[in-house]
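The block underneath contains the structure these notes are about, expressed in structure tokens.
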Number of protein chains: 2
Amino acid sequence: MTDDRASQRPRRADARDNRERILRAARAAFAEHGPRASLNRIGAAAGVGAGTLYRHFPSEQALLVEIIRADVDALCATGRDLADEPDAAGALRDWLRAVARHATAMRGLVATHMATVSRPGTDATLAACHDAIRATGAILLNRARNHGAAPPTVDIGDLLTLANALAWASEQAADDPGLLDRLLDLALAGLDA
Amino acid sequence: MTDDRASQRPRRADARDNRERILRAARAAFAEHGPRASLNRIGAAAGVGAGTLYRHFPSEQALLVEIIRADVDALCATGRDLADEPDAAGALRDWLRAVARHATAMRGLVATHMATVSRPGTDATLAACHDAIRATGAILLNRARNHGAAPPTVDIGDLLTLANALAWASEQAADDPGLLDRLLDLALAGLDA
DNA sequence: CTAGAATATGGAGAACCTCTCCACTTGGCA
DNA sequence: TGCCAAGTGGAGAGGTTCTCCATATTCTAG
């Protein structure tokens with residue numbers, strides 16, 4: 001992660017500027033309208049034509065992916081910090097909570113993430129995000145296992161899918177802010193059994 | 001449930017026929033293409049113009065809702081049967097599994113269901129479905145509680161949301177048929193703790 | 001059995017959507 | 001400064017959901 005490879009960084013300063021403005025407008029639009037946000041409008045809000053938008057991000061998904069990438073970086077950093085916590089089980093829980101909460105912050109991101117991760121090969125960047133999260137999660141899960149705080153049968157991939165599923169559910173029920181935490185408690189109750 | 005109130009049952013026989021054909025085409029289309037199925041095509045497949053389709057079902061959601069209703073009826077029947085099982089905890093689990101599996105059968109239904117249930121007042125029929133499922137689930141949960149097989153803190157609504165969330169997740173990962181069961185096992189592991 | 005009212009139909013088209021194409025402009029380097 | 005690769009914008013293709021209403025069909029009352 002944190003690769004921001006040159007391939008998608010425009011050579012010209014004005015183009016780089018446009019790219020940033022599109023990204024900013026997209027963040028705002030997705031946060032407000034969820035996955036139904038219109039790319040046309042995002043382009044307009046960024047003061048940019050449709051052609052320009054699609055030059056920078058060839059598809060709606062490409063745009064979402066770019067936004068996800070930043071979140072994933074943050075999540076991995078959080079995970080690394082939590083790996084030093086003495087309470088291994090708690091660290092794993094806290095991190096899964098963070099994953100779910102991050103995923104919820106921007107509506108529609110979870111769906112995109114899941115959709116693409118489940119059909120590998122669709123998007124290289126997203127696959128890299130997935131690997132990075134998985135690796136971070138594996139560290140925490142292993143520590144929890146070594147402390148006898150997680151059964152060896154549990155898979156980190158399933159655990160992350162679970163977190164995303166709960167995030168998605170609480171996205172749907174925006175009027176119940178406590179839902180995510182309740183669902184996490186409910187679903188993770190048997191973790192250390 | 002099973003109300004099929006007259007309000008949405010056409011007066012003329014030909015119209016009733018068209019309605020059935022649309023419903024059948026829609027079932028097929030949603031099962032195959034998921035939520036991305038096109039209403040235009042559904043109408044065409046049913047041999048009916050767009051105007052006719054929208055006369056019978058004013059929106060995409062109305063169509064989905066009608067399909068959901070049949071599933072809910074079946075689910076409640078299953079729940080009633082399971083309420084006679086001697087193993088109360090197992091019955092609850094089996095029923096939640098059935099809920100999730102039903103929800104998964106027709107891609108996109110879960111999302112519709114959740115979306116509307118969470119914003120009450122959007123659709124009366126869907127609200128009725130929700131109530132029916134909730135009531136059935138409450139019976140099973142109560143039995144499990146009386147057998148000491150479920151903590152009193154757990155809410156049936158949360159449990160159902162959980163089941164739907166897992167169903168949604170396994171919809172996304174169509175290539176991993178075992179996912180739903182693994183997630184259910186994982187998430188319900190702590191139920192009787 | 002028939003006429004008239006009530007009901008239902010279909011498809012053109014409005015208003016959106018995503019995404020492509022390419023004649024044009026512009027920034028940065030020699 | 002002048003050139004050209006890089007970047008732009010917007011018209012338009014082809015999709016979507018959904019509306020409107022002149023036309024056609026069924027049912028009902030006489």
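Within every chain, numbering begins at 1; the chains are lettered A, B, ... in the order of the sequence lines, protein sequences first and strands thereafter.
Looking at B/L53 and B/N18, their side chains never come closer than 4.5 Å, going by heavy atoms from C-beta outward. With a 4.5 Å cut-off on side-chain heavy atoms, B/D181 and B/R101 count as touching. The shortest distance between side-chain heavy atoms of A/D176 and A/R182 falls below 4.5 Å.
For A/D14, the side-chain atoms get nearest to C/dG27 when compared with the rest of D/dC18, D/dT16, C/dG27. Nearest to the side chain of A/P10, among C/dT18, D/dG7, D/dG9, sits D/dG7. Checking C/dA8, D/dG7, C/dC17 against the side-chain heavy atoms of A/S38 singles out C/dC17 as nearest. Comparing C/dT26, C/dT9, C/dT20 by their closest approach to the side chain of A/Y54 singles out C/dT20. Which of C/dA8, D/dA6, D/dT17 sits closest to the side chain of A/R11 comes down to D/dA6. In the set C/dC19, C/dG10, D/dT8, the nucleotide with an atom closest to the side chain of A/T52 is D/dT8. Minimum atom distance to the side chain of B/A13 is reached by D/dC27, of the listed D/dC27, C/dC17, D/dT17.
Whole-Å rounding puts the A/I22 CD1 to D/dT8 P distance at 8 Å. C/dG11 atom C1' lies 16 Å from atom CG of B/L39, rounded to whole Å. Here C/dT26 presents its C1' atom at 13 Å from CZ of A/R55, a figure rounded to the nearest Å. Rounded to whole angstrom, the span from the CD atom of A/E60 across to the C1' atom of C/dT20 amounts to 17 Å. When the C1' atom of D/dA24 is taken as reference, atom CG of B/N18 falls 13 Å away, rounded to whole Å. Rounded to an integer number of Å, the gap from B/L64 CG to D/dT17 C1' is 14 Å. For the pair A/L53 CG and D/dG7 C1', the computed distance is 14 Å after rounding to whole Å. Residue B/R19 contributes atom CZ, which lies 11 Å from atom P of C/dA8 at whole-angstrom precision.
Residue contacts shown for A/N40 include a base, since a base heavy atom lies under 4.0 Å away. No contact: B/R36 has no heavy atom under 4.0 Å from any strand. As judged by a 4.0 angstrom heavy-atom cut-off over every strand, B/A15 is placed among residues touching the sugar-phosphate backbone only. Residue contacts shown for A/A44 are absent, as no nucleic acid heavy atom lies under 4.0 Å away.
Other residues, nucleotides and ligands contribute at most 12 non-hydrogen atoms within 6.0 Å of the CZ atom of B/R41.
Residues A/N146 and A/R143 bring no donor and acceptor atom of their side chains to less than 3.5 Å of each other.
Between A/R16 and the phosphate of D/dG7, there is no side-chain N or O to OP1/OP2 separation shorter than 4.0 Å.
Heavy-atom nearest nucleotides on DNA chain D were determined for B/R12 and for A/H56, and the one closer to the 5' end corresponds to A/H56.
Between A/G79 and A/L140, the shortest heavy-atom contact is O-CD2, 4.0 Å.
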